[in-house]
Amino acid sequence: MSVTQTVVGGCHCGAIRFEVELSERTVAHACNCSICIASGFVGVIVPESHFRLVQGEGDLTEYRFNTGVARHLFCKHCGVKSFYRPRSNPDGVSVNIACLSLPDSVEVDIQTFDGQNWERHAAQLAHLSMESA
């Protein structure tokens, strides 16, 4: 079993703060869909139970498009998307690795994900929000 630890993160201005449990070897996905490319988002998908919003719920604003399933959440002050509810894992959370204070003990493997062809590839991510993932 992989060792997990709590990592803190948040937006640029500090209004949004959260904690996420990550394993010592974590996989993040660099997606090529239009919104991930435009925002520079590289995400680690975790089960909802591994994420805790510590501060700033009222400082979040939401954007939905296409199917409306994904909940893209942005700080309404600085505009940073530090986490969101992905369409592939609506029962989980995707955290932007650029918004984390990663300790040296967490190794992140960034893999590409073909979000431009989401329907063909989404099943590759579905397991990530499960407790055993």
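Predicted model only: the values in this text are computed from it and were never measured.
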Hey, is Glu48 close enough to Arg85 for a salt bridge, meaning N to O under 4.0 Å? yes

Using only heavy-atom distances, determine whether the side chains of Glu107 and Thr26 contain a donor-acceptor pair under 3.5 Å. no

Distance-only polar pair, side chains of Ser82 and Asn96, donor-acceptor under 3.5 Å: no

Using atom types as modelled and distance alone, determine if a side-chain donor or acceptor of Gln55 lies under 3.5 Å from a backbone N or O of Gly14. yes

Test item: Gln5 and Ser105 side chains (from C-beta on) under 4.5 Å apart, heavy atoms: yes

Could you tell me if the side chain of Phe41 sits less than 4.5 Å from the side chain of Ile35, heavy atoms only? no

Flag yes if more than 12 heavy atoms outside His121 fall under 6.0 Å of its NE2 atom; otherwise flag no. yes

Exercise: identify the closest heavy-atom pair between Ser129 and Asn89: OG-ND2, 3.0 Å

Applied to residues 108-121, the salt bridge (Lys or Arg N to Asp or Glu O under 4.0 Å) test, sequence neighbours excluded, yields Arg87-Glu119

Could you check Phe65 against His72 for side chain to side chain contact (heavy atoms under 4.5 Å, CB included), going step by step and ending with a plain yes or no? CA-CA 9 Å; Phe65 68 99; His72 299 275; 3.4 Å; yes

Mind checking who shares a hydrophobic cluster with Ile16, ILVMFWY linked at side-chain heavy-atom distances under 4.5 Å? Val7, Phe18, Val20, Leu22, Val42, Val44, Val46, Phe51, Leu53, Leu60, Leu73, Phe83, Val93, Val95, Ile97, Leu100, Leu102, Val106, Val108, Ile110

Determine, stepwise, if the pair Phe74 / Cys11 fulfils side chain to side chain contact (heavy atoms under 4.5 Å, CB included). CA-CA 8 Å; Phe74 299 84; Cys11 67; over 6 Å; no

With salt bridge (Lys or Arg N to Asp or Glu O under 4.0 Å) as the test, pick out the partner of Arg52 among Glu19, Glu21, Glu57. Glu19

